[in-house]
Trainee: 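This is the structure I want to talk about, given as structure tokens.
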Amino acid sequence: MASLYVRLSRRNIVEQLPRIRCCHVSASPTHNYNSSPLNQSNKKLSNLIRSGRISEARTLFDSMKRRDTVTWNSMISGYVQRREIARARQLFDEMPRRDVVSWNLIVSGYFSCCGSRFVEEGRRLFELMPQRDCVSWNTVISGYAKNGRMDQALKLFNAMPEHNAVSYNAVITGFLLNGDVESAVGFFRTMPEHDSTSLCALISGLVRNGELDLAAGILRECGNGDDGKDDLVHAYNTLIAGYGQRGHVEEARRLFDVIPDDDDDGNEGKRRFRRNVVSWNSMMMCYVKAGDIVFARELFDRMVERDNCSWNTLISCYVQISNMEEASKLFREMPSPDVLSWNSIISGLAQKGDLNLAKDFFERMPHKNLISWNTIIAGYEKNEDYKGAIKLFSEMQLEGERPDKHTLSSVISVSTGLVDLYLGKQLHQLVTKTVLPDSPINNSLITMYSRCGAIVDACTVFNEIKLYKDVITWNAMIGGYASHGSAAEALELFKLMKRLKIHPTYITFISVLNACAHAGLVEEGWRQFKSMINDYGIEPRVEHFASLVDILGRQGQLQEAMDLINTMPFKPDKAVWGALLGACRVHNNVELALVAADALIRLEPESSAPYVLLYNMYANLGQWDDAESVRVLMEEKNVKKQAGYSWVD
DNA sequence: GTAGGGTTAG
């Protein structure tokens, strides 16, 4: 079978040889094809594409004097992988001769792009194909399945001349992507023979749908022991990882222990069903997710066969617990760190706030990928170095790396931090043109618009979300209304959210209490605060007390606010004292203002805000001597007046 | 160089 395949592909190559012979006078063309410049270039091209270096690949492609169908297909495949369908299509249209692979590639490209327009074009091209093979049918079936069009997927499944396991897997995965567990299992049961890859597809989909018990049952039923299934261990690995994701370490371990280990007896190599490196890595990942670094490390040290994934998993574990010493040590020890290892280290350094070192690592990377860029940009954003983040964002585009939704989400947060509505709007346009917005993108857009004062735009984004809005989306919009002073809208939205059975979080209540503060609703504020504790079982945090202080203070109930500060179960932070000081300023209560300002200065000795506020209070009351003494005190303490605070109110 | 399925980074 294998040799027949080789013979056939040789023949295809030979058929294309006359073009090569035109310029290369060689005695035996068949012999020389492997070492021919064309074949060498094709290999180089596919290597570049495989490692994600698309612009270098394109340069090579453009410089090639001779190209065959494989050359064109490789380049198209590169663009399809990166969802650059317009570029892929251009090459497809330009290429002199197309084979069935070229057609399959372009059809798969359209189906993997988001949006019904692309799906329709993919289908149109499928209908136009001069000939179709099994791959063509499977491409379209899985394309429809991934786009939620199970009606079409099933129609084509029934229309195709002959099914293979891939056809079934595509349908099973499609059902499970839509959460249709019953149909997926039912379809699986109609299969004439249970290929282990189908079992794997079913189990991984069930895991995604949280159906772990069902998955375990099916695995017991279909995959008991060594019954000749070549890749049975894949299915076990999937379930181990699934248990790990949901924190069921014991169940995962029990499954792991069921898989025979080479060490158990002398059967290495003979047994098909045995632990492989992925089993070890998945089990290790379970411990990592559970925060059990000791067990993870123990497993790592016991592993005979090590790969980069094992190293990377353990590195990411140390990164998660912020132990950068151990993470860097592993990074230095590992034989050949790959882009994932670098990304983990950069992410860890950025999380610790060590941006310079993170940037240093980033610049020393042999090859960056999209995630490297996203990691470093997110790091700059989280550490509030917005200018740096923007600079990296433009560098990234100059280097031909296309931003995806993770990049965009980060830079939208940057525009929020800069309160730059112009930038935010530009990014919003880029989102509309390039990605299907998901929850994080929409949330960052809502936050950006409301922080920039464009509450109407925030509301538009919120209302245009077709699919499910998660609790963060609701929080963002309620928070937007609250900080904008639109208390009625905030409270109305909160009511709607509860009616839709979206469970509020402590953040929701911070916004709700803020809305009450803006609207002067003291009673309502207390009612919501009690409801948070009694109806939703949410522990109050210091932020909630800060809001209550704000509510009381704004209404002039300054003594009540002070009493609350003295009796609350937290050490008051700067938000609490800030709320009190602001209220004292409005209600001209110098006595309590001094208490609040004093506390604030202790908490943040370098901040000029409390000084300036006190100064303005005295000035307003005409107590110029006191005002002056505040200014002198500030000078003595060497506090610099920050931008944004004015001596004149 | 194309379709489905297992572990690691944003």
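Each chain gets a letter, A, B and so on, in the order the sequences are listed, and its residues count up from 1. Here the structure is a predicted model, which is why all the values come from computation and not from measurement.
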Trainee: Any base atoms under 4.0 Å from A/Asp338, or only sugar-phosphate, or nothing? Heavy atoms, all strands.
Mentor: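 The residue A/Asp338 makes no contact with any strand.
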Trainee: From the options B/dA9, B/dT2, B/dG4, select the nucleotide whose nearest atom is closest to the side chain of A/Ser344.
Mentor: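 Looking only at side-chain atoms, A/Ser344 lies closest to B/dA9.
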Trainee: Sequence neighbours excluded, which residues qualify as side chain to side chain contact (heavy atoms under 4.5 Å, CB included) partners of A/Pro337?
Mentor: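 If we apply the side chain to side chain contact (heavy atoms under 4.5 Å, CB included) test to A/Pro337, skipping adjacent residues, the hits are A/Phe331, A/Met334, A/Ser341, A/Trp342.
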Trainee: For A/Ala153, enumerate each residue passing the side chain to side chain contact (heavy atoms under 4.5 Å, CB included) test, keeping only those at least two apart in sequence or located in another chain.
Mentor: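 Applying side chain to side chain contact (heavy atoms under 4.5 Å, CB included) to A/Ala153 gives A/Ile141, A/Tyr144, A/Ala145, A/Met150.
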Trainee: If you take atom types as modelled and just measure distance, does the side chain of A/Asn276 reach the base of B/dG6 with a donor-acceptor pair under 3.5 Å?
Mentor: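 Such a pair exists between side chain and base.
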Trainee: Closest approach to the side chain of A/Val135, judged atom by atom: which nucleotide of B/dT7, B/dT2, B/dG5 is it?
Mentor: B/dT2
Trainee: In plain terms, say whether A/Glu127 and A/Arg124 are close enough for a salt bridge, that is, a side-chain N and a carboxylate O under 4.0 Å apart.
Mentor: no
Trainee: Go through B/dG10, B/dG4, B/dG6 for me and flag the one nearest to the A/His406 side chain.
Mentor: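 For the A/His406 side chain, the nearest candidate turns out to be B/dG10.
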Trainee: When all nucleic acid strands are considered with a 4.0 Å heavy-atom cut-off, which category describes A/Thr197: base, sugar-phosphate, or nothing?
Mentor: base
Trainee: Examine the base of B/dA9 for any acceptor or donor lying under 3.5 Å from a partner atom in the side chain of A/Asn369, and report the outcome as yes or no.
Mentor: yes
Trainee: Contact class for A/Arg132 vs. all strands (heavy atom < 4.0 Å): base, sugar-phosphate, or nothing?
Mentor: nothing
Trainee: Starting the side chain at C-beta, find the nucleotide from B/dG10, B/dT7, B/dG6 nearest to A/Asn237.
Mentor: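 The answer is B/dG6.
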